[in-house]
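By convention in this document, chain letters (A, B, ...) are assigned in the order of the sequence lines, proteins followed by strands, and residues within each chain are numbered from 1. The structure presented is a predicted model; accordingly, all values stated were derived computationally and were not measured.
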Number of protein chains: 4
Amino acid sequence: MTPVKKLSRRERERLRQRRDMLAAALELFSRNGYYNVSMNEIAEKAEFAVGTLYKFFKNKEDLYRSIMIEETDWFHKVMDQALDSGGDEIEKLRNYVSTRGVAVTEKEAVVRLYHAEVRGRSFNLRAGLDDEIIKQLNELRERLTSIFASGIKKKIFRPIAEPRQLAVALENICSGFIMRWLEDPQNNKYPEEPDVILNIIFQGLIPGEYHSPRPAAQNS
Amino acid sequence: MTPVKKLSRRERERLRQRRDMLAAALELFSRNGYYNVSMNEIAEKAEFAVGTLYKFFKNKEDLYRSIMIEETDWFHKVMDQALDSGGDEIEKLRNYVSTRGVAVTEKEAVVRLYHAEVRGRSFNLRAGLDDEIIKQLNELRERLTSIFASGIKKKIFRPIAEPRQLAVALENICSGFIMRWLEDPQNNKYPEEPDVILNIIFQGLIPGEYHSPRPAAQNS
Amino acid sequence: MTPVKKLSRRERERLRQRRDMLAAALELFSRNGYYNVSMNEIAEKAEFAVGTLYKFFKNKEDLYRSIMIEETDWFHKVMDQALDSGGDEIEKLRNYVSTRGVAVTEKEAVVRLYHAEVRGRSFNLRAGLDDEIIKQLNELRERLTSIFASGIKKKIFRPIAEPRQLAVALENICSGFIMRWLEDPQNNKYPEEPDVILNIIFQGLIPGEYHSPRPAAQNS
Amino acid sequence: MTPVKKLSRRERERLRQRRDMLAAALELFSRNGYYNVSMNEIAEKAEFAVGTLYKFFKNKEDLYRSIMIEETDWFHKVMDQALDSGGDEIEKLRNYVSTRGVAVTEKEAVVRLYHAEVRGRSFNLRAGLDDEIIKQLNELRERLTSIFASGIKKKIFRPIAEPRQLAVALENICSGFIMRWLEDPQNNKYPEEPDVILNIIFQGLIPGEYHSPRPAAQNS
DNA sequence: GATGAATGAGAATTCATTCAT
DNA sequence: CATGAATGAATTCTCATTCAT
């Protein structure tokens, strides 16, 4: 995908170091929060001297921001692929839901940080998240939104709410389950079957157990 | 609830002072985050000396914790009342949704903090939220859960997912909308009509615009 | 002179502390130079905690700058008085010379710092000396200049150079002697008799040993 | 002077490198001060690696000291030559004055540093200037002193002060003018005509405009 | 021999907390 | 009892120096 290939040993080494630093910092930040992690701790965990950290990152905030940017990139990419998957709108949403779950298992720390920062609005960054990050998150939501829109247009989905509202709802239901899972993995699982979540929004639409019974009956 | 009534002037005065301190701290914490607020700032805003703050609260964390406890109490009480409302399960949920919206307008700062802390899992508290707070939040979720359960039992709701999952979903959809609203009040409003949210979960059930068309038709 | 008098005990106390801090810092700076003195050292010498230093001064540079300003003020005032002295132009210059000498004995540390900063152009202040300080030093030179000018006009002094050049010369001869004195007090004294210095510039004019004899005579 | 000639290519190369390093460092030190110049900056400007700097100089202070020694050597040599010039005492002093001026134009950076260090007593060197440097500076002053002494003896100069005092005075008048020049080249020039400075000290003696006129006349 | 990445001691600064008045 | 000045531990960041390649 990238036209790389020719990285000198030196460059590869530097990249590896950078990755190690980011990994150590990510782990600590996601576990203890920005303000409860000192540069010395990060250095120690990454097995470098503090000074070396500062060769790679201008300051603590820059280090944090770099993590956020790289991981948002990763998240964006992963989710993008999920939504690129062939299939109809339902299939895409199914992919969205299950990929959100997969992402956690792959990078728990990232997701943890993502939740603190994006869902909870932490105050780690004085100036707030980078525009670039916000842009990516918005893009993702817009993709979801247009999937809902097109699904509605094709009459696959009933227009039970505006597409963007549906997108927000879906995002947040997923996040809610993930959060619970992270907080108490014993007792909470992220639904293995994405339809559990989709059913919440589209029970009438998703073919499956709860589908056939006419909704009608209930209130009459 | 408590057998109040007999508070000496002294005691009433102290309570007032305490309330002022908590209010000042709440405002600042919710706006700048725990670590970007100093005890001196709080003291100044509350118009007390720092020393006085320490007469009321053991330390900064205790002050923060106290806010969380009091405000969770308030939130719990408000939401509890909403769910106590007469009416069937649908009515109760409607009340839940709209009360969540009302709560924001009444105590924006509280909700802001609540979101950082509960939704995002901030790291203001080293040791995490108090058990007492967690207990209350769980209670609230359990009430929601049993509303869903009873609704399903009464066949008002279709059993599209487990009651607790539905509760989590509802909570998070609401939070999602509230968060967006807080972040950009210009462009995002919390749905004035609670049914917008409930429709997402129960479009087949809530009587209304999108109800009648049989969901069935579309894919089969 | 100042309309003070009514300083609360608190204020007087604060002033005293500030003075102590400045004194400790002056002593250290003048002996070791800006960059070889740490805030902790200053705090220790002044018998305060570092934090207290920062209550009085925004940062290290501010502390240094404050010293420079206060001491330049003092120096300016002392020299100004010297030049205010009654008497003709010769008398004023005599006063200038001897007061420069007195100033050293009174505040050796100040003069030491003054020399590093003003004569040598140190690099303690990134942004250079305050305009206020430079203004005062220029004023002093201008006063000297006009004394020379008026002396020349009155034909007390021969116009051997431009008045400002004479002022610069006088300043620097004095500084030169002072510097030598400070560096090696054993072997160098600042001329007790100001005429020694004035004679260098005005040997033909200052009444005294070298005065009356026609210059011609000198080699007879 | 030294029995040079036989330097291997290797050695010549090393000398050239050393010179480049010293030149880069001189430029930076004289402009920003010892403590505001990092070894990395010097290395970069000299186009070497830091490590290489340390092959030539034990440490930062040694580098600085080396500059001072080499440049003092140069200055000493230049001034020595000036004083070697044929001619009587007056001629020699004239040469001293004008050579001081020439030196600035040739090596402004050196003079800048010289002033900070020698005139101002900077604190770049913890242990003060090298004895060797001090010795050279003293030698120069002694030469000046003996010129004054011999001039007085020959009755070319009137004994308006002790020879050494005259030497100090002359040195400092020159330095004073040079400093002003360096600080504000627009508005201050070093007297092109050395007699301007010499007149200040010897107006009665230097043949010229102010020489013959009887000093007597003046105050009557 | 040259390089420059890595090191870590040291300095400035902040802020929760204490305690004399 | 309230006050707020004083404290000093902890944190971020820099830069002279070293040493493996």
query = Picking from dT17(E), dA12(E), dT3(E), which would you name as closest to the side chain of Lys60(B)?
reply = dT17(E)
ask   = Does any nucleotide pair with dT21(E) by Watson-Crick or G-U wobble geometry, both distances under 3.5 Å, and what is it?
value = dA2(F)
note = Ile42(B) atom CD1 is separated from dT17(E) atom P, nearest whole Å, by 11 Å
query = Do Ser66(D) and Met21(D) come within less than 4.5 Å of each other through their side chains, counting heavy atoms only?
reply = no
request  = Any strand is fair game: report the nucleotide pairing with dT14(F) by Watson-Crick or G-U wobble, both distances under 3.5 Å, or none.
outcome  = dA9(E)
inquiry  = Under a 3.5 Å distance rule, please check whether Lys107(C) uses its side chain to pair with a backbone N or O of Trp74(C) as donor and acceptor.
reply    = no
inquiry  = Both Lys55(A) and Glu61(A) contact DNA chain F. Taking the nearest nucleotide for each, which residue is further toward the 5' end?
reply    = Glu61(A)
inquiry  = Taking the minimum atom-to-atom distance to the side chain of Ser38(D), which one of dA16(F), dT14(F), dA12(E) wins?
reply    = dA16(F)
inquiry  = Using heavy-atom distances to pick each residue's nearest nucleotide on DNA chain E, tell me which of Lys58(B) and Val50(D) is more 5'.
reply    = Val50(D)
task = Mind calculating the distance between OH (Tyr54(B)) and P (dA5(F)) to the nearest angstrom?
result = 16 Å
request  = Could you please name the option among dG1(E), dT14(F), dA2(F) that lies closest to any side-chain atom of Arg14(D)?
outcome  = dG1(E)
ask   = When you check the phosphate oxygens OP1 and OP2 of dA5(E), does a side-chain N or O of Gln17(A) lie under 4.0 Å from one of them?
value = no
ask   = If you round to the nearest 0.5 Å, how far is CZ of Phe57(A) from OG1 of Thr52(A)?
value = 11.5 Å
Lys/Arg N to Asp/Glu carboxylate O, Arg16(B) vs Glu13(B), below 4.0 Å = yes
